[in-house]
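What follows is a single structure, written as structure tokens, with notes after it.
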Amino acid sequence: MLIDGHGRKVDYLRVSVTERCNFRCQYCMPEKPFSWVPKENLLSYEDLFKFIKVSIDQGIKKVRITGGEPLLRENLDQFIKMIYDYKNDIDLALTTNGFLLPRVAQKLKDAGLKRINVSLDSLNEGTAHKIAQKNVLKTVLSGLDEANRVGLKIKVNCVPMKGINDGDLLDVLDYCKQRGYPVRFIEFMENHHAKDSAKGLNSDEIKAIVSQKYKNFKAVPRDTSSPAQYYELEDGYQFGIIEPHKDDFCEACNRIRLTAEGLLIPCLYFEDAMSIKDAVRNDKIDDAVDILKKVLENKPEKNKWSTQDMNETSTRAFYETGG
Ligand code: SAM
């Protein structure tokens, strides 16, 4: 079992397989041209897998593949199969923008993937286009249908932004409710790469919008393994809100993040990280275990999004760390 320096059990590893993305979401990516990390700096699937094995052996029970857009990395199904074949009872999940799902959902399912989280910020074609800076909605919706058809369990992520998609939240909720997908509204986390004017809705503002249509919903007792606070509508459908600005948000944090370049990151908010690249490339598995333990020892107690000081917030982009 892995325990961090604040006594929290850590059993969840998020692995970003690429920082590249085929969307340019306003809350995540810069508008100005920027350059990607050269491919030779990325860890191969074999090297990423070496660290995943170490983590599983040490107590990780849930692995989520993310990015950038993870489906842009070739042969992702083979990587998923490597993890599945190593330990098939791992909770193996993927976070994606859904655009490539129509082509690959079946392959991912066959490889052993169990669950996906798909980002869906609006059901209005123009708004979705404005957020992603690309005409994406129809393809993402077919991706969701295909993922559902092949039997992947689906959750939807939506980042409510002031003046952009705040008028679309009820539509997203209803779309998900009709299909039985839990939707989680994620409070926008301020960062150095988002569009300067980007402003998110907080949890109270999101709840006020939901209550325009659903008067009576109640908080469900918090499952500490999930970052979301869930709420139940009268008909039993549950939606969640992820509130990183809330003071006790990090109390039960159970996660660490690995980037495609091999940086192991204990907290999304802070810059601190250690590289496992040399350890895995040189097959120094004991060194990888030591780095894992050091990162856990030094995992910060809590983020500072509530009092955010942009000088202190990590300059690393969410498309590198995987969000
Ligand atoms: N490309 C994939 C996708 O779109 O889901 C995976 C990577 S994305 C960085 C992972 C998650 O982070 C998405 O649900 C996205 O909405 C969320 N995210 C990105 N930037 C964010 C921000 N500034 N605040 C809150 N959530 C953010």
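Throughout, numbering of the chain's residues begins at 1 and tracks the sequence. Counting starts at 1 for both ligands and their atoms, in listed order. Scope of the values below: all heavy atoms of this structure, side chains included, with no hydrogens, waters or symmetry mates.
Remark: among candidates Y27, W305, F99, the nearest residue to atom 27 (C) of ligand 1 is Y27, based on non-hydrogen atoms. Among S119, S16, G68, G323, the residue whose heavy atom sits closest to atom 1 (N) of ligand 1 is G68.
The protein atom (non-hydrogen) at minimum distance from atom 11 (C) of ligand 1 is T95 CG2, 4.4 Å. Looking only at protein heavy atoms, the nearest one to atom 24 (N) of ligand 1 is M189 N, 2.9 Å.
By the 4.0 Å heavy-atom criterion, C25 is excluded from the residues contacting ligand 1. By the 4.0 Å heavy-atom criterion, G322 is counted among the residues contacting ligand 1. Taking 4.0 Å as the cut-off, E190 does not count as a neighbour of ligand 1 on heavy-atom distance.
Residue F318 has no N or O atom closer than 3.5 Å to an N or O atom of ligand 1. Not a single N or O atom of N117, backbone or side chain, sits closer than 3.5 Å to an N or O atom of ligand 1.
Note that NZ of K50 is 9.5 Å distant from CD1 of I276, once rounded to the nearest 0.5 Å. Between atom CG of residue L263 and atom CG of residue L43 there is a gap of 9.0 Å, rounded to the nearest 0.5 Å.
The two residues A105 and V150 come nearest to each other via the heavy atoms O-CG2, 3.8 Å.
Close approach to G67 involves these atoms of ligand 1, each under 4.0 Å from a residue heavy atom: 7 (C), 9 (C). Heavy-atom proximity to T66, at under 4.0 Å, picks out these atoms of ligand 1: 6 (C), 7 (C). Numbered from 1 in the order shown, with element, the atoms of ligand 1 that lie under 4.0 Å from a heavy atom of E69 read 1 (N), 2 (C).
Shown here, atom 17 (C) of ligand 1 is out of close reach of the protein: none of its heavy atoms lies under 4.0 Å off.
With a 4.5 Å cut-off on side-chain heavy atoms, L268 and R257 count as touching. Residues F185 and F239 form a side-chain contact, since some pair of their non-hydrogen atoms from C-beta on lies under 4.5 Å apart. Contact check for Y86 versus I52: no side-chain heavy atoms found under the 4.5 Å cut-off.
Within a 6.0 Å radius of NZ in K199, no more than 12 heavy atoms belonging to other residues, nucleotides or ligands are found.
The pair E297-K294 does not count as a salt bridge, with every side-chain nitrogen at least 4.0 angstrom from each carboxylate oxygen.
At a heavy-atom distance under 4.0 Å, only side-chain atoms of V159, from C-beta outward, approach ligand 1. Residue N191 touches ligand 1 through its side chain alone, judged by heavy-atom distances below 4.0 Å.
In terms of modelled atom types and a separation under 3.5 Å, the side chain of W305 and the main chain of M189 share no donor-acceptor contact.
A side-chain N or O of D168 and one of S122 form a donor-acceptor pair less than 3.5 Å apart.
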